[in-house]
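Naming convention: chains lettered A, B, ... in sequence-line order (proteins, then strands); numbering from 1 in each chain.
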Amino acid sequence: MFKSGFLLFLALVLFVFIFFLPILIGLLITFLTSFGFDVSEEGFGISLSAWKDFFIQTQSLPAFYLTFKTSTISTILSIGATFFIGAYFYNSKLSAKLEKNILPFLLSIPHSTFAIGLVFLIAPSGFFFRVLNLFFNWESPPQVVTYQDQGGWALIASLCIREIPFLLFVMIGALSQIKTELLALTSKSMGYSNFKIWTKVIWPQIYPRLKLPIFVVLAYSLAPIDMSIIIGPNNPPTLIILILDWFREPDLYYKEIASCAAITIFFLLVAQLFIWRGIERVFSYYFTAIKINGVRGKENWFLNFATIALMIGVFIPMFLSFLLNLVWSFSKRWPFPEIIPKNLSWQYWEGMLILDSTNYIFNSLLIGICATLMGISLGVLFLEVEKKFAFLKRIFSYSIYFPLLIPNIIFLFGIYLFYLYFDLNFIYLKIILVHLLFVVPYVFITLRENYRRYDQRYSIVGKSLGKNSLVVFLKIKLFILIKPLLFALAIGFSVSFAEYLSTLWIGEGRVVTITTEAVNLAGGGDRNIIGVFAFLQIVIPLAFFSFCIFLNKKLGFKL
Amino acid sequence: MNFLKLFVVVSLVVSLLGVNFVNSKSSSFERIKSRAKNQTVYFNAWGGSKEINDYLAWTTREVRKRFNFKVVHVKINDTAIAVNRVLAEKQANKNTQGSVGLIWINGENFKTMKDNDLLFGPFSDMIPNVNLIDFSNKEFTLVDFSVPTDGLEVPWGMAKLVFFYDSKKVSRPSKNMQDLLVLAKNYSGRLTYPKPPNFHGTTFIKQVLLEKVQDHSVLQKPVASKRQFDEITKPLWEFLDDLHPHVWRNGKSFPKSLNNMHQMLNDGELFFAFSFNPNKALNLIEKGEIPSTVKVYTHEQGTIANAHFLAIPYNSPAKEAAMVYINFLLSPEAQGRKANYKVWGDPTILSISKLPPEDKKYFDNLSKSSVTLSEEKLGKNYLEPHASWVKELEKEWLARYGS
């Protein structure tokens with residue numbers, strides 16, 4: 001095939017230009033902008049005026065506190081819940097069921113769709129209170145604060161509900177990498193209770209594998225854009241909402257103030273990582289002590305019961321939010337206190353599917369498919385060269401996760417300003433390039449294990465039969481790896497499909513997708529059309545997923 | 001006799017001059033039209049409403065057919081984005097082939113563009129249909145948040161603050177803000193406004209200010225000093241302090257947007273709402289998005305009215321086509337269609353009474369429903385305060401109630 005030197009060169013160039021530089025430039029511009037640096041003007045004067053104005057804004061400090069609070073509490077609660085739920089099922093058949101059927105479905109629901117559905121569920125005029133109304137017979141919806149509360153608790157709860165399935169999914173993956181069953185059996189024979197086995201033997205072994213996903217959750221929770229818009233507190237708001245507000249000001253100076261807020265989020269992230277390291281130390285000290293204290297423990301039924309309740313508390317709202325979206329999209333007026341809508345109507349679907357004048361679906365598909373195909377090609381290329389040049393392994397396995405470990409508003413902000421000043425015209429290409437920053441890491445994670453496990457001997461046999469290496473690569477290697485490749489394709493697509501802020505900013509609102517429109521509409525009043533969009537947001541990635549499974553059945557290579 | 005002769009001659013000359021004047025104007029517009037051919041106008045206009053998007057799609061089809069140029073509706077979700085873009089283009093010295101061909105604009109965005117010399121013109125004299133605009137009765141078509149338009153933008157439609165109440169749940173509308181406070185106490189928690197600096201939230205507090213301040217002329221000038229601001233706005237804050245304990249969530253938090261409030265009105269969570277479009281309620285009732293028992297009213301002394309405008313960036317690559325398009329948007333045909341609540345329901349800025357009968361017909365289908373208000377019932381118009389007041393009001397509001 002190609003000389004491996006050429007491949008290395010190609011991979012490095014693409015990595016630097018498509019992946020590394022945009023993030024670096026984005027971060028740098030955001031950082032410099034907060035100090036008054038103007039990309040378009042010559043010369044460079046440092047000024048602290050934006051920072052000063054950021055601090056004197058009356059909402060900045062409360063927003064800072066609220067951001068810290070919501071992200072810290074939601075992350076800790078998510079991990080805690082994952083720990084307890086894991087303790088309950090680590091050694092049961094339930095985990096396989098969860099991994100196969102329930103969790104992938106829950107994870108395919110984008111954050112914004114879930115948030116929209118959750119509001120239908122918990123609003124004072126929402127489904128939950130309509131059911132309660134059967135007993136209370138209120139005249140009008142009760143005056144209770146269930147979302148957009150000042151304390152941010154609704155945001156914390158919804159972040160937990162959304163992140164726990166993700167952490168569970170990762171945890172089940174980690175459990176399959178250690179000899180869970182054997183360990184459990186051995187410990188059991190020594191008289192340890194299920195819970196003690198979990199805390200003393202299993203958890204300490206899988207925790208290192210959970211670190212990265214935990215940091216991803218933490219980074220996300222610092223700036224959950226779509227969820228903050230829909231569920232989050234707005235008086236005072238969180239930092240991310242302040243950034244979006246200031247972004248809307250015609251005066252460019254507000255962009256400088258907004259960039260200060262973005263940099264503040266970055267510092268918050270760094271601070272939290274340090275705090276996390278601290279907590280880890282304390283815990284590991286504590287864990288070492290209890291690991292060897294020899295206490296066997298008793299089976300604790302209350303704990304099991306509480307865990308099941310917790311699981312129901314996480315899964316039921318997600319399913320309900322999905323269902324409510326669907327019902328809303330078919331109902332014509334569904335006022336409080338009706339539990340089931342009286343009039344059903346196709347009109348909103350008709351308007352969407354037949355009269356889609358704005359090409360929401362087309363844009364989503366075009367961008368999603370291009371970004372995914374490019375993402376897969378890059379992922380495969382990186383994995384190929386990484387195999388040949390060991391030093392790349394270390395570079396990739398850290399840096400490729402950057403976009404997931406930094407709240408993306410921080411570098412998107414800089415990339416937006418970069419494009420604004422250097423007026424590059426290819427708007428779709430710009431969006432696709434930015435989507436790649438998020439697609440590549442997920443594709444890379446999905447492919448990596450299988451790709452590294454590929455048995456080289458197949459290729460060697462192929463070559464010995466006189467085929468050149470390109471043919472061997474395409475016809476043997478990719479064919480054997482078709483299942484993980486298709487899976488990566490589906491994951492990559494759903495990542496691109498759910499991108500909100502990058503599409504909105506880089507597309508300057510000119511390119512609208514199902515997701516940008518769903519979040520946009522969520523701020524409005526028309527729940528029917530919101531329902532249509534939210535539902536499409538789930539259905540299209542799922543359809544793509546099924547298509548990949550179908551392809552896999554057709555093409556799938558069975559060994 | 002001589003006198004009569006002179007009179008005839010003079011009037012003849014005057015009328016000829018007039019004709020000549022009109023002729024030269026129309027002939028120069030003919031020239032603009034011919035140059036407009038084959039141009040493409042990137043019309044940056046808020047794209048968040050299906051009705052508006054559909055209406056604009058109709059206009060682009062029509063101008064394509066009639067004048068042979070292309071208009072592309074660039075659906076931005078915030079006008080500031082387009083303003084930023086032009087500003088950045090100017091800083092980058094991109095002075096001819098700008099990316100924004102025409103922009104839908106008012107208020108602070110217009111002020112920013114005007115202050116930074118980002119606008120083409122004055123050009124409103126060159127647009128024939130500008131003569132049909134009702135400048136005398138609608139003085140808000142000449143000043144945009146008290147900034148003179150100076151012919152740099154042309155009014156396109158108008159907005160006027162109207163209040164909604166659900167007649168099934170509330171016995172009567174309010175006469176003024178003081179009366180609204182009485183109703184708020186009677187229907188505790190069922191009334192609110194979007195959180196400033198949301199545009200409509202700020203409009204609500206501006207309305208309170210305008211009702212509480214006797215001499216409006218001071219609000220038309222920039223804020224002179226912090227002391228003056230405190231003095232003039234004192235009754236506003238006193239009123240809001242009285243009002244907030246009785247509004248939705250006791251004034252601890254506020255809805256995000258007006259759309260949000262309409263949804264809560266539909267759910268029965270709120271009994272009151274408002275809109276900046278007098279025809280909005282009818283449109284929402286039709287779509288089943290608010291209860292059919294909702295009624296529209298205004299306050300006795302008057303409510304805020306303003307216009308929204310069309311402006312051409314200085315570096316627009318299709319200025320001629322943009323002008324021909326503007327002229328079409330101001331035609332009785334396009335304005336009549338826009339005013340139809342089934343299409344968009346945006347009130348016209350033309351003077352309907354002065355139109356010839358064949359043009360009046362475009363406005364025949366205007367709703368006579370009991371939900372909308374006739375021009376007289378809409379009452380007096382308050383002018384928007386100067387933009388500097390808006391900034392200060394928002395800042396002060398956030399400091400008092402924003403955390």
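- Here B/Arg400 contributes atom CZ and A/Thr58 contributes atom OG1; the two are 12.0 Å apart, rounded to the nearest 0.5 Å.
- For B/Lys252, the parts lying under 4.5 angstrom from a heavy atom of chain A are both the backbone and the side chain.
- Residues B/Gln91 and A/Leu252 have side chains in contact (heavy-atom distance under 4.5 Å, counting atoms from C-beta outward).
- The residue among B/Ile76, B/Val83, B/Asp115 with the most heavy atom pairs within less than 4.5 Å of chain A is B/Ile76.
- Between B/Asn84 atom CG and A/Tyr416 atom OH the span is 5.0 Å, to the nearest 0.5 Å.
- Sparse packing is recorded around NZ of A/Lys342, with 12 or fewer heavy atoms of other residues, nucleotides or ligands lying under 6.0 Å away.
- Only the backbone of A/Asp149 has a heavy atom closer than 4.5 Å to any heavy atom of chain B.
- Pairing each heavy atom of B/Arg249 with each of A/Val144, the nearest pair is NH2-O, 4.5 Å.
- Atoms CD and OG1, on A/Glu249 and B/Thr112 in that order, are 8.5 Å from each other to the nearest 0.5 Å.
- Interatomic distance, CG of A/Asn235 versus CG of B/Leu398, reported as 8.0 Å (0.5 Å rounding).
- Interface remark: A/Leu61 contributes no atoms to any contact with chain B (heavy atom separation under 4.5 Å).
- Residue B/Ile290 touches chain A through its backbone alone, counting heavy-atom pairs closer than 4.5 Å.
- Annotation: the span from A/Asp251 atom CG to B/Lys391 atom NZ amounts to 7.5 Å, rounded to 0.5 Å.
- Both the backbone and the side chain of B/Asn266 come within contact range of chain A, each with at least one heavy atom under 4.5 Å from a heavy atom of that chain.
- With a 6.0 Å radius and a threshold of 12 heavy atoms from other residues, nucleotides or ligands, B/Lys395 has its NZ atom at or below the threshold.
- For a residue to count as touching a neighbouring chain, one of its non-hydrogen atoms must lie under 4.5 Å from one of that chain's; by this rule B/Thr79 does not touch chain A.
- Atom CG of A/Asn234 and atom OG of B/Ser253 lie 6.0 Å apart (nearest 0.5 Å).
- Ranked by heavy-atom pairs under 4.5 Å with chain B, the list A/Ser140, A/Pro236, A/Pro250, A/Ser125 is led by A/Pro250.
- The residue among A/Pro337, A/Pro237, A/Pro124 with the most heavy atom pairs within less than 4.5 Å of chain B is A/Pro124.
- At distances below 3.5 Å, not a single donor-acceptor pair connects side-chain atoms of A/Gln148 with backbone N or O atoms of B/Lys256.
- No part of B/Pro197 comes within reach of chain A, as not one of its non-hydrogen atoms sits under 4.5 angstrom from that chain.
- The contact between B/Phe271 and chain A is made entirely by side chain atoms (from C-beta outward), counting heavy-atom distances below 4.5 Å.
- With a threshold of 4.5 angstrom between heavy atoms, A/Tyr254 approaches chain B through side-chain atoms but not through N, CA, C or O.
- If you measure heavy-atom distances from B/Lys111 to chain A, you find no contacts under 4.5 Å at all.
- With salt bridges taken as basic N to acidic carboxylate O contacts below 4.0 Å, none links B/Glu108 and A/Arg248.
- Contact of A/Tyr348 with chain B is made through the side chain alone, with heavy-atom distances under 4.5 Å.
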